[in-house]
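Structure, as structure tokens:
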Protein chains: 4
Amino acid sequence: MPALSTNKISFVSSGTPQSTAAKAELIAKYGDYPPVEADVIVALGGDGFMLETLHTVMDRQIPVYGMNFGSVGFMMNDFDIEGLTQRLERAEPTQIHPLRMTATTKQGETHTALALNEVSLLRKSYQAAKIEILVDGKTRIDELICDGVLVATPAGSTAYNLSAQGPILPIEAPLLALTPISPFRPRRWRGAILSNRAEVTFRIREIDKRPVNAVADSLEIVDVLEVQISESRTHVVTLLFDPGHSLDERILNEQFDY
Amino acid sequence: MPALSTNKISFVSSGTPQSTAAKAELIAKYGDYPPVEADVIVALGGDGFMLETLHTVMDRQIPVYGMNFGSVGFMMNDFDIEGLTQRLERAEPTQIHPLRMTATTKQGETHTALALNEVSLLRKSYQAAKIEILVDGKTRIDELICDGVLVATPAGSTAYNLSAQGPILPIEAPLLALTPISPFRPRRWRGAILSNRAEVTFRIREIDKRPVNAVADSLEIVDVLEVQISESRTHVVTLLFDPGHSLDERILNEQFDY
Amino acid sequence: MPALSTNKISFVSSGTPQSTAAKAELIAKYGDYPPVEADVIVALGGDGFMLETLHTVMDRQIPVYGMNFGSVGFMMNDFDIEGLTQRLERAEPTQIHPLRMTATTKQGETHTALALNEVSLLRKSYQAAKIEILVDGKTRIDELICDGVLVATPAGSTAYNLSAQGPILPIEAPLLALTPISPFRPRRWRGAILSNRAEVTFRIREIDKRPVNAVADSLEIVDVLEVQISESRTHVVTLLFDPGHSLDERILNEQFDY
Amino acid sequence: MPALSTNKISFVSSGTPQSTAAKAELIAKYGDYPPVEADVIVALGGDGFMLETLHTVMDRQIPVYGMNFGSVGFMMNDFDIEGLTQRLERAEPTQIHPLRMTATTKQGETHTALALNEVSLLRKSYQAAKIEILVDGKTRIDELICDGVLVATPAGSTAYNLSAQGPILPIEAPLLALTPISPFRPRRWRGAILSNRAEVTFRIREIDKRPVNAVADSLEIVDVLEVQISESRTHVVTLLFDPGHSLDERILNEQFDY
């Protein structure tokens, strides 16, 4: 891979006092370009802000380097005012393909969205959700009675998927995790690891009595009737990490962090 | 235990066509008394309707015998028009103490409710909940980042608690199950089995950003700030089961139903 | 409970250099009585040595106070040369009933043993074990194909049982944990929580091809054919803990130690 | 893929009365060639016998088609005397790379073996094993106190690995499962999913007090000191399946078989 051009940096921050102050200090030292002219975006915040930032560059070929100002900084590098140019030059890229969600609502609207971590469904009322699960058009679970269900990328496998006790997946594995959230029936089903070429469809049963919302990363669609999820091969984002701290290494570490 | 007086039966039904028809047929055969005059209530429906019925008798000493017309009939006996008098005479009682929930909302209101199965909390938006957990006034988990958390009775341990991968508890065990729902941090915490004398308090953090609802069986309280849960020793309900099909036996069976 | 008479102490040690030196120092300060004349036994070692010591007093009414010199000190108090008399006076007792194991071997011998933590079975060769499981004489699992299976007391629920992903039980709960070790078929069975009045029987299938050993705490019986396990009501041991550090409190802590 | 030449069949059987009889009948109908001259081997037995058969062809380019005569037939096709030629012509191949195990014993001997399902370690006495785990030469777990630990291929992920609650892996995923067996410390570690390029090393601690055996599929090496495991790229076996019943499809089914 050729050395990354990092002459033109665009700084963005999550807006907390600390990240805002750091942004000002960094701009004074390294300059600042509008995102559309920049070679690289440097994002100051936590994982949530990084996800937001990545969504803004999903359609463009511009890498993002994060510095951590959040409680969880899984996708972030350590913060330091000094040495940024050198760090960017040496940074190692990790590429992530997002999931594409197509959700049809009870009202008949169709929404599409991209998700780098996961697409999740959760019941909206106290009534348990009833969801049919299809993989590649074939019904695999006729009716999952549950709080919800999710599909996660390897990058997202350490996030919500892990909370729902799904498996951690190596970042380069061509896989998706399909993981139930509080499955009631079938009561012992623990989910599946699917090929990243799989297309997953969720169909919601009894949507008036048992309404369900879908969330693509943090975009929420209320009252969904059907949700289709597959990996988008036409979108890709590039995260930059200091050598030895790649997302792959982090995910490996997370698996041994007991 | 002296033989139960079962001369006066009050029939109630969940209102489905089948249960309504069965109710009419049963009344024609056995008569029908108002609940306040009856010796026993016969409930026609599924577990959800049984829970509703039990809530209506929580303050009175009247047993409930269920006949199953639902998809899940864990607390129900088999349906049969014939032989009801003899079945009631031979039925074996199981007594259950409910949980008492005291919930304070964001608006400063206080709600109390009783729950035979569980008191559960679940996030209301896509934002993960942050919940402090205290047992007997002592903070045991400073901040659980999660979809939610629940406290279940032994009777409820095979319901929502089981979906959240909590333990099945024998009906006579003086215990409560405290079980997280999709715990994100601490990521490997799987809950605890507590004494039935324990008082559990949940305190919701950042309630504006991260709203949470509480549910006592099926009564939902929105936007809770703090929820206290303990077993009520002053309330008790009595379920009746055909010999050899007691709730205790059902819970044991459920543990070996793989 | 009347104050414990602690005038006559008998010291025992696990034999490591540190525990041996501590024993000598303690005897110089507090004196030493033969076990049969002592009011209390002070055991210097880790949990393994404590288990051994408790086995030696199983038939007598003499409490044991442990001071920790091991890697795991779940049943032990902190070590201190000073203040032992006062600590013993203030110590709080926890009583534990052991399991009684009756094991019949392939050769037709019968062995009985007591276990404070658990009775476990494990395959002896690379061949998976096939085990029938009966509770109170009723077959509950016709054939468990597995590495093994165990029955644990509440006191032992945090030991081997926890490794096999069994539930942690409060010390005062009248329960036993029945937990499979690497169950292959039925593949999703995760064990059961039983009444402490339950009698569990394990019958080994194909014992020539698939030999199995049984272990009661640390006593191993090779090539077992059938193993019966129930709580012994006629045996009891008494552990002493500094106030606020009872076994009950430790087990509660362990459940929140994530 | 060109059509498989299946003119010359070599039949092998597990030796049970049924499989022996079927073999005779098949030979009468289709003829029989010595394995070294055959185009394809047809194995009559269960998964255990299939594993044995695959081991005999590990060094040669000859595919194996199984017909099920065992209790578990995950790698087998249905038995039928008729139509074998056509079934072989239409069969779809699945290729599996084995693990290579290099085990050094306490006595200083070195053994190498290949394993298609898994390499597993298990304690040999009642003493828990203490095992250091390295991935690519880096210590990831300093000391796992456990019954044992295993590394499984995707093909083996539904076998012993599943019993130890490891993840089911799609057959084409370039992954290995590293799964602990009854982990005591670290008590909440549940294993890791590794790249199939990873080299895993297990080092046994205190081997005199805590002896451990290693098993590659069903070859047992006693008293191991160190075991190295990595995927062999130079060995491959080819299994044949009737269309729509490939190992990939079976593993997907297994994930939804609740």
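Both backbone and side-chain heavy atoms feed into the values below; hydrogens, waters and symmetry mates do not. Convention: sequence-line order gives letters A, B, ...; per-chain numbering from 1. These numbers come from a predicted model, not from an experiment.
- Within a 6.0 Å radius of CZ in Arg90(B), no more than 12 heavy atoms belonging to other residues, nucleotides or ligands are found.
- Taking Ile133(B), Asn253(B), Leu169(B) one by one and counting their heavy-atom pairs under 4.5 Å with chain C, the maximum is reached by Asn253(B).
- Heavy atoms of Ile251(C) lying under 4.5 Å from chain B are absent altogether.
- Contact of Ile168(C) with chain B is made through the backbone alone, with heavy-atom distances under 4.5 Å.
- Once rounded to the nearest 0.5 Å, the distance linking OG1 of Thr139(C) with CZ of Phe256(B) reads 11.0 Å.
- If you measure heavy-atom distances from Asn196(C) to chain B, you find no contacts under 4.5 Å at all.
- To the nearest 0.5 Å, the span separating CG on Leu252(B) from CZ on Arg140(C) amounts to 4.0 Å.
- Atom-to-atom distance recorded for Asp248(B):CG and Ser195(C):OG is 8.0 Å, nearest 0.5 angstrom.
- We find the NZ-CD distance between Lys138(C) and Glu249(B) to be 4.5 Å, quoted to the nearest 0.5 Å.
- Within the 4.5 Å cutoff, side-chain heavy atoms of Arg197(C) are placed close to those of Glu172(B).
- No side-chain heavy atom of Ile193(B) sits under 4.5 Å from any side-chain heavy atom of Leu175(C).
- No more than 12 heavy-atom neighbours from other residues, nucleotides or ligands sit within 6.0 angstrom of CD on Gln61(C).
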